[in-house]
Amino acid sequence: MASLRVLLCFAALLSAATASEFKIKVTDPRGAAVAGAQVSLLAQGSSVPLGLQTTSGEGVVSFTGVPAGRYRLQVLAPGFAPLNQGEILLPRDSPLSVQLRIATPTETVVVSAIRSPAPEAETGASVSTLESGQLETMQPVAANDALRFLPGAIVATAGHFGALSSLFVRGGDSRYNKVLVDDVPVNEPGGTFDFGVVPVAEADRMEFLRGAQSTLYGSDAMTSVVQVFTRTGGTQTPELRFGADGGNLYTLHGFLVLAGARGPFDYDFFGDQFNTSGQGPNDDYSNSLQGANLGISLSNRAIFRIRARHSNNRTGVQGEWTFDGQRLMPPDMDQRARQNNFLASAELVITGPSRWHHRITGFEYHHKRLNEDDISEPGRVSPFGNIDFPFHDLFDANRAGIEYQGDYMERSWARTTVGYQFEDESGFAGDPTAPPLTHGLRLNHAIYGQQVFLLGRLSVVAGARFVHNQTFGNIGVPRVTATVLALRGGEFFSATRFRFSYATGIKEPRFEESFASPPFIVPNLNLRAEENRAFEAGVEQSLLRGKYALSALYYNNQFRNQIDFQVLDPVTFVGQYVNINRSMAHGAEVELKGRLTNRLSFDGAYNYTSTQILQAPFAFDTFHSTGHALIRRPKHSGSLLLTYLGNRWGGSLAGSFVGRRPDSDFLGFGFDHAAGYARLDLGAWYAITSRITPYFNVENALNKHYEEVLGYPALGINFRAGMRFRLGGE
């Protein structure tokens, strides 16, 4: 509470108001309030902002002490096109209302690329987004079913709903993705993350940023960053939304939301429950989610916000049992996995003095995962013998910290970002029935800075991060990107833009690698960070005055200091983890996206990835040895997402194809690859009235039989249909 009082006092000191006041309300194309938009006020003919504000839950900002005169306005809101409005005469008798418009592919404002709102084309980054309307139409059970249809995302799920699900991007490891929910890092220390049990209920937006991004996001951001943002209440009359759906596989799903905004307060409380029995034995899955997003405008210049999410899930684990239709052993009938996850953040946003924008965030994430198998089933036999043994595997970790980010807008074409982050990582891992457990503790510090310049046709982003990690010590992480508008073009070939980026990424060791408990594993407290040297270059061609965009990009990743297990004693197999492996990945991404109409959008992509292990002296099988390709990284893959969002109805068609890729059964059967597959999902809704909407969703609509992870059959066709209702909300 003492720290909260300090934050509130700091806000009060920085937000003293003068008598005059100029209010602006920002709305979306349907007239709903837009919270979190960045609004800049500039004098006519000047590039120096007089003020920089963030809209409240009601979509309102207020500028005070503004002299009479002519001004212009800039509004940047994630998911929309930038708004630039000139010839505003002050003082005014009434508040100014501005309405944002739907963005073309080259205009979309994103947050993740430079950690503040900016048009994607100016950031030099590869960012794909899913907005609230798309997520509401797709109705993904978890984050993996949304990500798989975005360009460059290779999702590998070990079978069914709730099963372990990994993400591979640009040839990187599954631990090379930084994941944040409401600005809270939710990776296990060392990068491990399961996308299959993360419900995205009440998500306002998902952003998928590709490339090495450790300069702004620190450890784990080796090849991508995934961010999920929760909705903010925005209606003066409280809005109650609820609904339920069901389908085959004994699937039931229900949700309840209470949201609104009144005066300085906004709120969004939500709950979600999903249950299914699955398509086979020991295939059940259940997930319960509760959360809230609460905001209060302390003054014209300060907004305080609290966000929280708690999920509790349970899933049966069949284990490897069928390989491309060959049932070589029965499924595991008693293995189960459970997770209990809680995240919370408190954020204070202060604008001023001058052109400063401050954000102070305190966050905490508690993750508890338990895998159990109580019975040794004699039927589960591989060429290596019986593979089913009782075990209890516990991982209990906590990440807590505080972060400050300051943005200073020198000019409309220059922006500086500085920041500091402290993080406390602690956790236990091992078998609770056979102590001792592995215990790890890290106290980490980081400072970072970034400069953005928009100089005519040239945009440059340059930054660096200095990290002090209690495991690997000190390291610097630079990044520079540049884009050049080479040709403005005409009616058809509208604009040609070249881009270049160089960056490094880092990933800290897992607790099991740094702090492993003897006698079987010798701890190695001198492990270094895994690193990535990333280079990319490409071109983007706008078509029909920005209505469509065609882009092609080449990337090259060099991974070094990768951690592997070294056997020290060939008799007892006692060993330790060491930095020894190296690998590389390079390839190309081609993407075509656009809007056929204001309501109909599409995003199609093709990806080529070539990988190779450059050094792996301690590989435990040939699939991980030098010269081989990295497993579960296909050379060829692609995606298509077609979305229609109208006033009365909406629909989506989402497809992905993943080519043949190296994999291993790790059991001695001799399987060395997983076959390619294609998947098609459908979704639609129809508003009978503004308050009653039936909807349906079909996953794997073509009923394809395939495996994303060798030995784990994916779900066949499954569907859900239901109704959602809305009360209040005017």
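We number each residue from 1, following the sequence as shown.
His310 places none of its side-chain heavy atoms less than 4.5 Å from the side chain of Leu289. For the pair Gln53 and Phe63, the minimum side-chain heavy-atom distance is below 4.5 Å. Contact check for Arg497 versus Thr483: side-chain heavy atoms found under the 4.5 Å cut-off. You'll find the side chain of Phe229 stays beyond 4.5 Å of the side chain of Met206, heavy atoms only. For the pair Leu96/Ile88, a side-chain contact is recorded, criterion being any heavy-atom separation below 4.5 Å from C-beta on. Two residues are said to be in side-chain contact when any heavy atoms from C-beta on lie closer than 4.5 Å; Leu41 and Val66 meet this criterion. Residues Leu100 and Val26 have side chains in contact (heavy-atom distance under 4.5 Å, counting atoms from C-beta outward). Taking 4.5 Å as the limit, some side-chain heavy atom of Arg205 sits within range of a side-chain heavy atom of Pro78.
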Walk me through it: do Val60 and Thr55 pass the test side-chain contact (heavy atoms from CB on, under 4.5 Å)? CA-CA 5 Å; Val60 175; Thr55 55; over 6 Å; no
Show the numbers, then the answer: is there a side-chain contact (heavy atoms from CB on, under 4.5 Å) between Phe195 and Val179? CA-CA 9 Å; Phe195 289 90; Val179 185; 3.6 Å; yes
List the steps, then state whether salt bridge (charged side-chain N to carboxylate O under 4.0 Å, His left out) holds for Glu202 with Arg241. CA-CA 11 Å; Glu202 205 56 13; Arg241 288 180 275 122; 2.9 Å; yes
Worked check of side chain to side chain donor-acceptor pair (under 3.5 Å) between Asn300 and Thr64: CA-CA 8 Å; Asn300 292 338; Thr64 57; 4.8 Å; no
Apply side chain to side chain donor-acceptor pair (under 3.5 Å) to the pair Ser288 and Gln290, showing each step before the final yes or no. CA-CA 7 Å; Ser288 176; Gln290 309 85 36; 2.7 Å; yes
Worked check of side chain to side chain donor-acceptor pair (under 3.5 Å) between Arg210 and Ser128: CA-CA 8 Å; Arg210 303 184 293 282; Ser128 298; 3.0 Å; yes
Go through Thr230 and Asp182 one step at a time and tell me if the side chain to side chain donor-acceptor pair (under 3.5 Å) criterion holds. CA-CA 6 Å; Thr230 298; Asp182 290 330; 2.7 Å; yes
For a side-chain contact (heavy atoms from CB on, under 4.5 Å) check, start with the C-alpha distance between Thr235 and Thr237, then their side-chain angles and the critical distance, and finish with the verdict. CA-CA 5 Å; Thr235 59; Thr237 301; 5.5 Å; no
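A cation-pi geometry, defined here as NZ or CZ lying under 6.0 Å from the six-membered ring centre and within 45° of its normal, holds between Arg115 and Tyr217. In this structure, Arg399 fails the cation-pi test against Tyr365, since its NZ or CZ atom is not both closer than 6.0 Å to the six-membered ring centre and inside 45 degrees of the ring normal.
Between the OG atom in Ser311 and the CZ atom in Arg309 there is a gap of 9.0 Å [rounded to 0.5 Å]. The CD1 atom of Ile114 sits 13.5 Å away from the OG1 atom of Thr215 when rounded to the nearest 0.5 Å. Summarising the geometry, atom CD1 belonging to Ile306 is positioned 8.5 Å from atom OG belonging to Ser345; distances are rounded to the nearest 0.5 Å. With rounding to the nearest 0.5 angstrom, the CZ atom of Phe304 is 12.5 Å from the OG atom of Ser297. If you take CD on Glu403 and CD on Glu423, they are separated by 9.0 Å, rounding to the nearest 0.5 Å. Summarising the geometry, atom NZ belonging to Lys178 is positioned 13.0 Å from atom OG belonging to Ser112; distances are rounded to the nearest 0.5 Å.
For an aromatic pair to be called close, the ring centres must be under 6.0 Å apart, and Tyr420 with Tyr404 fails this. In this structure, Phe342 has its ring center at least 6.0 angstrom away from the ring center of His366. Taking the six-membered ring where the residue is Trp, the centroids of Phe500 and Tyr502 are separated by 6.0 Å or more.
The pair Arg499-Glu122 does not count as a salt bridge, with every side-chain nitrogen at least 4.0 angstrom from each carboxylate oxygen. A salt bridge does not link Lys25 to Glu58: none of the charged side-chain nitrogens sits closer than 4.0 Å to a carboxylate oxygen. Salt bridge Glu107/Arg101: present, at least one basic N to carboxylate O contact under 4.0 Å.
When each of Phe270, Phe269, Phe255, Phe725 is paired with Phe242, the ring pair (Phe, Tyr, Trp, His ring centres under 6.0 Å) condition holds for Phe725 and for no other.
Closest heavy-atom contact between Ala153 and Phe208: CB-CE2, 3.8 Å. Nearest heavy atoms, Ser214 versus Met222: OG-N, 4.5 Å. In this structure, Leu180 and Pro185 approach most closely via the heavy-atom pair CD2-N, 4.2 Å. In plain terms, the two heavy atoms of Asn177 and Ser224 that are nearest each other are OD1-OG, 2.8 Å. Across Pro117 and Leu76, no two heavy atoms sit closer than the pair O-CD1, 3.5 Å. Glu508 and Pro189 get closest at one heavy-atom pair: OE2-CA, 3.7 Å.
Under a 3.5 Å cut-off, the side chain of Arg411 and the backbone N or O of Ala414 do not form any donor-acceptor pair. Between the side chain of Asp603 and the backbone N or O of Leu150 there is no donor-acceptor pair closer than 3.5 Å. Proximity of a side-chain donor or acceptor of His468 to a complementary backbone N or O of Asn444 within less than 3.5 Å is not detected. A donor-acceptor pair under 3.5 Å is formed between the side chain of Arg72 and the backbone N or O of Ser46. A distance-only check finds a donor-acceptor pair linking the side chain of Ser299 to the backbone of Arg301 [under 3.5 Å]. In this structure, Thr108 contributes its side chain and Thr104 its backbone to a donor-acceptor pair below 3.5 Å. Judged by distance alone, with hydrogens and angles left aside, the side-chain atoms of Arg691 form a donor-acceptor pair with the main-chain N or O of Gly728 at under 3.5 Å. A donor-acceptor pair is defined here as one N or O able to donate and one able to accept, closer than 3.5 Å; such a pair exists between the side chain of Thr223 and the backbone of Tyr176.
If you check the side chains of Arg305 and Asn293, you find a donor sitting under 3.5 Å from an acceptor. No hydrogens or angles considered: nothing links the side chains of Glu207 and Thr129 as a donor-acceptor pair under 3.5 Å. A side-chain donor-acceptor contact under 3.5 Å links Gln405 and Arg359. Judged purely by distance below 3.5 Å, without hydrogens or angles, the side chains of His367 and Glu188 pair a donor atom with an acceptor atom.
The 12-atom threshold is exceeded at CZ of Arg457, counting heavy atoms of other residues, nucleotides or ligands nearer than 6.0 Å. Asn84 CG: more than 12 foreign heavy atoms inside a 6.0 Å radius.
Residue pairs meeting the side chain to side chain donor-acceptor pair (under 3.5 Å) criterion with at least one member in residues 26-43, sequence neighbours excluded: Gln38-Arg415.
The side chain to side chain donor-acceptor pair (under 3.5 Å) search around Thr416 returns Glu410, Gln451, not counting sequence neighbours.
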